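Keep in mind the model is a prediction, meaning the values are calculated, not measured. Chain A is the first sequence line, chain B the second, and so forth, proteins listed ahead of strands; every chain is numbered from 1.
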Amino acid sequence: MPPFAAPAETTAAAPYLAALNPAQARAVEALDGPVLVLAGAGTGKTRVLTTRLAHILATRRAFPGEVLAVTFTNKAAREMRERLEAMIGAAAGGVWLGTFHALGARILRRHAELVGLTSNFTILDTDDQLRLLKQLVAAANIDERRWPSRVLLALIERWKDRGLTPDKVPPGDAGDWADGRALALYRAYQERLATVNAVDFGDLLLHNLTLFTAHADVLAQYQQRFRYLLVDEYQDTNVAQYLWLRLLAQRHRNLCCVGDDDQSIYSWRGAQVENILKFESDFPGALIVRLEENYRSTPDILAAAAGIIAHNRGRLGKTLWTRADAGDSDKVTVRGLWDAEQEARWVGDEIEALQRRGHKLREIAILVRAGFQTREFEERFIALALPYRVIGGPRFYERQEIRDALAYLRLIHQPADDLAFERIVNTPRRGIGSATLQALHQAARAQALPLVEAARALIAGDTLPRAARSALAGFVTALDRWRASAGRVPHTELVQTVLDESGYTGMLQADPSPDAPGRLENLKELVVAMAEFENLAGFLEHISLVMDNAADTGGDLVSLMTLHSAKGLEFDSVFLPGWEEGLFPSQRSINENGLAGLEEERRLAYVGLTRARRRAYVSFAANRRIHGQWQASVRSRFIDELPKAHIETVNEPGLGGAPYRAAAEPAAPWGADRPLVHSRARPPLLVESVRPPGRGQEVPKVGGFRVGDRVFHQKFGYGTVRAVEDNRLAIEFEHAGDKKVMDAFVEHA
DNA sequence: CTAATATTTATTTTT
DNA sequence: TAAATATTAG
């Protein structure tokens with residue numbers, strides 16, 4: 001029974017409910033039992049989540065501390081907390097609201113001892129994980145070149161995504177990495193993490209699962225506590241997160257998941273769309289609510305997005321509609337350009353035109369498939385003096401100097417943090433090289449000690465050269481001194497002391513490289529950031545779990561980002577460049593995952609289009625330089641999937657682009673009945689001719705060109721055909737070098 | 001131990 | 001092409 005049963009009238013009279021449409025209201029008011037809210041793009045998902053949360057608390061169905069609300073990003077969590085505070089005030093603070101990882105960490109810190117950790121465990125980032133794995137791979141005598149650690153790391157992460165500890169990995173699942181030794185290394189990796197009292201991101205949930213299954217009393221405590229559970233972006237949950245939720249929701253069964261199967265774009269991170277598809281069978285008696293009224297985009301944009309996504313199979317199916325006036329709607333602009341430079345030029349011109357018509361730059365975004373595409377735009381925008389910002393890319397705390405500073409702090413906070421130790425024993429240089437480090441490792445392993453303790457032992461002994469011994473002694477003494485003062489002085493003061501006394505600041509000051517001053521600036525910024533926290537532990541937690549990319553500075557800038565990082569955002573005008581086969585949909589995605597990969601690319605297209613409120617511009621280039629090589633490109637099949645009635649094609653003559661054709665494939669090649677496995681076996685697009693084309697040699701004449709022909713290309717000038725396949729030619733140009741182009745773009749010289 | 005040189009390899013990255 | 005990484009020479 002809820003603590004305070006509310007009379008039904010309270011529910012009906014609640015003012016916040018009046019602002020909802022019928023479907024939203026149903027999703028908010030269905031408080032008993034499991035609920036799945038299928039929320040299409042722009043249908044007021046966040047409003048439903050926060051209102052439901054407020055409703056639960058306002059009707060006194062639960063205390064704030066009895067509600068668990070999970071998001072994927074810190075940003076989403078922050079937004080939800082702010083909106084909740086606006087609705088119900090300070091009580092919002094008591095709700096268990098956060099990312100899966102933050103909540104997992106919160107629970108894990110409370111019960112760390114039960115899974116063999118202490119509560120001050122370190123949360124490793126990718127860099128640390130990789131360094132650790134590299135050591136293990138080297139120790140196992142595995143050739144790093146043949147079996148890269150990063151591949152192993154990906155394997156381990158996928159196992160963790162599935163909730164699999166080493167002993168749970170099915171025998172057939174070991175994979176062929178280093179002849180099936182991946183599993184043994186996974187085990188070694190976990191052991192190593194335990195000895196250094198560290199966890200990685202995956203562990204935050206994995207250890208929770210272990211904890212819950214091994215300690216029924218702990219599980220029961222949380223099951224009892226969480227009367228209501230809310231989950232955002234349910235389509236992106238992986239198996240581990242699913243299991244975690246299922247365990248926690250078991251007692252009260254008041255689980256409300258919100259998601260959109262059409263926006264699932266993280267399967268490569270272990271997300272299982274299946275979780276949302278099978279919700280009904282997982283939680284029998286679940287209420288399914290569809291949010292289909294779109295408040296964001298114009299009818300043309302919605303129709304274009306719908307036209308594309310309709311090509312996917314296995315959807316739960318939603319039809320977005322809008323009350324917006326169709327007469328006040330611009331069609332989606334589709335434009336073919338000569339190359340990426342022209343594309344950037346065109347986008348720049350359009351943006352300037354929008355700007356002249358009074359549009360704000362912050363309401364304009366360029367969404368690309370891959371990071372490298374931003375370069376062309378940046379160059380153009382710099383030339384135009386058009387203010388822009390690139391969202392994504394390396395984060396503040398991933399910078400070298402920040403990570404170094406953090407390593408010092410981590411080591412002070414948690415002496416067993418060997419990874420932190422290794423990172424900074426010799427930064428700045430204090431004469432502790434790989435030989436000394438090797439000796440340290442050996443001693444540490446022999447006596448099962450952390451590296452710092454091994455260092456103490458070696459300083460006392462006489463196995464090390466005198467110079468190395470005194471260098472180590474100096475370092476360890478300093479470390480002890482800092483640790484001793486950590487309790488007395490405020491943590492902001494501590495960093496200053498550490499950076500100065502360690503010689504780190506001095507090292508940067510003496511560094512003549514142009515980015516040294518910037519690094520010093522960053523360190524100052526770090527100190528400022530630290531001031532907002534009570535203590536070192538809180539700060540370190542924030543850094544590893546919460547610190548996200550540079551926040552919105554509020555300036556009027558065009559946003560440049562990948563389609564992935566655009567999820568959840570919206571803009572008046574959205575540019576979607578690079579819609580070319582191979583790039584978008586990404587060839588790699590199709591090769592590796594066949595039909596499923598293609599469909600995920602299509603969802604990405606859907607996400608991109610639905611970011612736009614009023615205007616969307618799709619473009620593609622006939623030629624693109626990839627890895628320094630010019631490639632002729634074929635316009636994306638997605639362009640042909642856009643419904644003609646809702647697009648306006650404005651092409652320069654001859655740049656309509658070659659349409660995507662499923663060459664040598666039966667009709668409907670990505671159709672309902674066949675996986676795209678054959679695309680893996682498809683021959684390379686171009687076969688280089690083995691020998692130089694000699695006269696009299698029998699060369700098949702394809703598309704009017706043959707090997708040895710002298711040709712002219714508008715951009716590259718004169719050249720000689722070196723290889724022919726279908727309508728593609730490899731040409732050795734006199735000035736532009738070797739290029740691969742389509743026959744349509746060259747003529748006989 | 002550092003610096004110069006060779007080699008390799010290229011999506012997406014909420015935490 | 002260009003950045004990141006590995007190797008080798010000093």
Gap separating the OG atom of A/S470 from the CZ atom of A/F475, nearest 0.5 angstrom | 14.0 Å
Could you tell me whether the side chain of A/R269 has a donor or acceptor atom within less than 3.5 Å of a complementary atom in the base of B/dT15?
-> yes
If you look at every strand shown and take non-hydrogen atoms under 4.0 Å, does A/I432 touch a base, only sugar-phosphate, or nothing?
-> sugar-phosphate
Closest approach of A/H564 to A/I265 (non-hydrogen atoms, all atoms of both residues) | NE2-O, 3.2 Å
Gap between atoms CG and C1', on A/L124 and B/dT15 respectively (whole Å) = 13 Å
A/T43 meets the side-chain contact (heavy atoms from CB on, under 4.5 Å) criterion, sequence neighbours left out, with A/A39, A/L291, A/L320
For nucleotides B/dT11 and C/dA4, find the distance between their P atoms and express it as a whole number of Å.
-> 12 Å
Could you check whether A/W268 and the base of B/dT11 form a stacked pair, meaning centres closer than 5.5 Å and planes differing by less than 30°?
-> no
If B/dT12 has a Watson-Crick or G-U wobble mate with both distances under 3.5 Å, name it; if not, just say none.
-> none
Take the protein atom CD1 of A/I590 and the nucleotide atom C1' of B/dT11, then report the distance between them rounded to whole Å.
-> 13 Å
DNA chain B nearest-nucleotide lookup for A/H101 and A/G431: closer to the 5′ end is A/G431
Starting at CD of A/E592 and ending at C1' of B/dA10, how long is that distance when rounded to a whole Å?
-> 13 Å
Among the candidates B/dT15, C/dA6, B/dA10, find the nucleotide nearest to the side-chain atoms of A/T73.
-> B/dT15
Within this structure, what is the CG-to-C1' distance between A/L563 and B/dT13, rounded to whole angstrom?
-> 14 Å
A/T126 near the nucleic acid: base, sugar-phosphate alone, or nothing, with a heavy-atom cut-off under 4.0 Å?
-> nothing
Partner of B/dT5 under the Watson-Crick or G-U wobble criteria, both distances under 3.5 Å, comes out as C/dA6
Describe the nucleic acid contact of A/D236 in one word from base, sugar-phosphate, nothing, applying a heavy-atom distance below 4.0 Å.
-> base
Counting any heavy atom closer than 4.0 Å, what does A/Y266 reach on the DNA or RNA strands: base, sugar-phosphate only, or nothing?
-> base
Rounded to whole Å, the CD1-C1' distance (A/I626 to B/dT9) equals 14 Å
Using the six-membered ring wherever Trp is involved, compare the ring planes of A/W159 and A/Y186 and label them parallel, tilted or perpendicular (cut-offs 30° and 60°).
-> parallel
Go through C/dT1, B/dT12, B/dA10 for me and flag the one nearest to the A/R625 side chain.
-> C/dT1
Which of C/dA2, B/dT13, B/dT11 is nearest the side chain of A/H564? It is B/dT13
Can you tell me how far C1' of C/dT5 sits from CZ of A/R150, to the nearest Å?
-> 11 Å
Atom C1', compared across C/dT5 and B/dT12: separation rounded to whole Å = 22 Å
Between B/dT15, B/dT13, B/dT11, which nucleotide gets closest to the side-chain atoms of A/T562?
-> B/dT13
Reckon A/G202 touches a base, only the sugar-phosphate, or nothing at all at heavy-atom distances under 4.0 Å?
-> nothing
Output the single nucleotide from B/dT13, C/dA6, B/dT15 whose closest atom is nearest the side chain of A/S565.
-> B/dT13
Testing C/dA2, B/dT15, B/dA10 for proximity to the side chain of A/H627, the answer is B/dA10
Roughly, in whole Å, what's the span from CD in A/E376 to P in C/dA2?
-> 12 Å
Using a distance-only test with no angle check, is there a side-chain donor-acceptor pair under 3.5 angstrom linking A/S589 and A/E600?
-> no
Nearest heavy-atom pair of A/D161 and A/R269: which atoms, and what distance?
-> OD2-O, 2.7 Å
CZ of A/F121 to CG of A/L108, rounded to nearest 0.5 Å, is 4.0 Å
Spacing between A/Q631 atom CD and B/dA10 atom C1', to the nearest angstrom = 13 Å
Checking B/dT15, C/dA6, B/dA10 against the side chain of A/N74 (C-beta onward), the nearest is B/dT15
Does A/R145 place a side-chain N or O at less than 4.0 Å from the phosphate oxygens OP1/OP2 of C/dT5?
-> no
